[in-house]
Amino acid sequence: MVKARGGATVAVAAVMVLTLAGCGGGDKPGDSPKPTEGKGQQGSSQAPVPNGSKAPTPVEVIATVKGQAGILLDLNSAVRDAGNFITVSGQIKNSGTEAFVETAAWRGEEPSASAASVAGATMVDRQGKKRYYVLRDTEGQCSCTTGLTRIGPGESVPFFAQFPAPPPSVNTVDFTIPTFATATIKISG
């Protein structure tokens with residue numbers, strides 16, 4: 001009789017070990033979770049949570065400007081990159097109660113303007129008296145966020161736009177997307 005209980009105990013222990021092993025996900029010790037990409041993060045205005053952190057780290061907002069129909073533009077950064085360009089990034093938020101449909105003005109007036117985008121954004125160096133437009137590829141598509149057709153009430157979507165870099169001595173620029181007020185922002189990097 002004692003031998004039967006011992007066998008049952010061993011069987012239960014084996015099932016528990018296999019069950020717990022199945023919950024591990026097969027990751028090697030020390031591996032950190034891989035961040036996910038795609039549209040699931042569009043509504044987030046916070047940085048990814050580092051492994052072991054208890055709360056998300058808020059993203060810095062360097063400027064906020066108002067647009068039409070309750071749309072807000074939060075600017076998070078303007079970074080001077082090694083390729084001699086500036087990347088401006090942030091969030092477009094719908095603080096209204098109705099869905100917002102992208103306005104053609106955001107696309108810009110160039111014939112090759114990228115559809116449903118922020119290709120109409122500009123950056124102005126007041127010191128050098130020069131206006132910069134969003135960079136384009138060889139097919140005329142903007143180096144910026146595209147696919148901005150609808151922003152639901154309470155929704156935030158990330159955006160970016162890349163521009164030729166002004167001279168290194170320029171550390172502030174005026175940034176605008178048509179229909180939004182102009183924001184003076186500091187260049188980092």
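Keep in mind that the numbers below use all heavy atoms, side chains included, and drop hydrogens, waters and symmetry copies.
A donor-acceptor pair is defined here as one N or O able to donate and one able to accept, closer than 3.5 Å; no such pair exists between the side chain of Ser95 and the backbone of Ile71. Under the 3.5 Å distance criterion, the side-chain polar atoms of Ser117 are matched with a main-chain donor or acceptor of Ala119. Remark: side-chain polar atoms of Arg80 are not paired, donor with acceptor, to backbone N or O of Asn171 under 3.5 angstrom. A donor-acceptor distance shorter than 3.5 angstrom exists from the side chain of Asp137 to the backbone of Glu139, with no hydrogens or angles considered.
Counting heavy atoms from C-beta on, the side chains of Val173 and Ile187 come closer than 4.5 Å. A 4.5 Å side-chain heavy-atom check between Leu135 and Pro164 finds at least one atom pair inside the cut-off. Side-chain contact between Thr145 and Trp106: absent, with no pair of heavy atoms (C-beta onward) separated by less than 4.5 Å. Counting heavy atoms from C-beta on, the side chains of Asp74 and Phe159 never come closer than 4.5 Å.
Between Ala121 and Ile177, the shortest heavy-atom distance links the atoms CB-CG1, 3.8 Å. Among all heavy-atom pairs drawn from Val134 and Cys142, the shortest one is CG1-CB, 3.8 Å.
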Quiz prompt | Chi angles and distances behind the side chain to side chain donor-acceptor pair (under 3.5 Å) call for Thr122, Thr176 | solution = CA-CA 6 Å; Thr122 59; Thr176 193; 5.7 Å; no

Exercise. Go through Gln127 and Ser169 one step at a time and tell me if the side chain to side chain contact (heavy atoms under 4.5 Å, CB included) criterion holds.
Key: CA-CA 10 Å; Gln127 178 183 339; Ser169 61; 4.1 Å; yes

Quiz prompt | side chain to side chain contact (heavy atoms under 4.5 Å, CB included) evaluation trace for Thr182 with Phe180 | solution = CA-CA 6 Å; Thr182 300; Phe180 287 97; over 6 Å; no

Self-check item: Residue pair Gln68, Thr179: steps toward the side chain to side chain donor-acceptor pair (under 3.5 Å) verdict
Solution: CA-CA 6 Å; Gln68 61 189 24; Thr179 75; 4.6 Å; no

Quiz item: Passes side chain to side chain contact (heavy atoms under 4.5 Å, CB included), Gln91 versus Val157? Steps please.
Solution: CA-CA 5 Å; Gln91 303 278 324; Val157 293; 5.8 Å; no

Quiz item: Given Ile86 and Met123, is the side chain to side chain contact (heavy atoms under 4.5 Å, CB included) satisfied, shown in steps?
Solution: CA-CA 10 Å; Ile86 302 286; Met123 192 176 73; 4.0 Å; yes

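Put simply, CD1 on Ile62 and OG on Ser77 are 6.5 Å apart, with the number rounded to the nearest 0.5 Å. Remark: Arg131 CZ to Arg126 CZ distance equals 12.0 Å, nearest 0.5 Å. Within the model, atoms CZ of Arg107 and SG of Cys144 stand 11.5 Å from one another, a figure rounded to the nearest 0.5 Å.
Between the side chains of Thr184 and Asp174, a donor-acceptor pair is found at a separation under 3.5 Å. No donor-acceptor contact under 3.5 angstrom links the side chains of Ser89 and Asn76, judged on distance only.
A side-chain contact (heavy atoms from CB on, under 4.5 Å) with Phe163 is found for one member of Phe85, Tyr133, Tyr132 and no other, namely Tyr132. Under the side-chain contact (heavy atoms from CB on, under 4.5 Å) test applied with Val118, the options Leu148, Val88, Leu73 reduce to a single match, Leu148.
Residues Val170 and Val124 fall into different hydrophobic clusters, defined by Ile, Leu, Val, Met, Phe, Trp and Tyr side chains chained together at heavy-atom separations under 4.5 Å.
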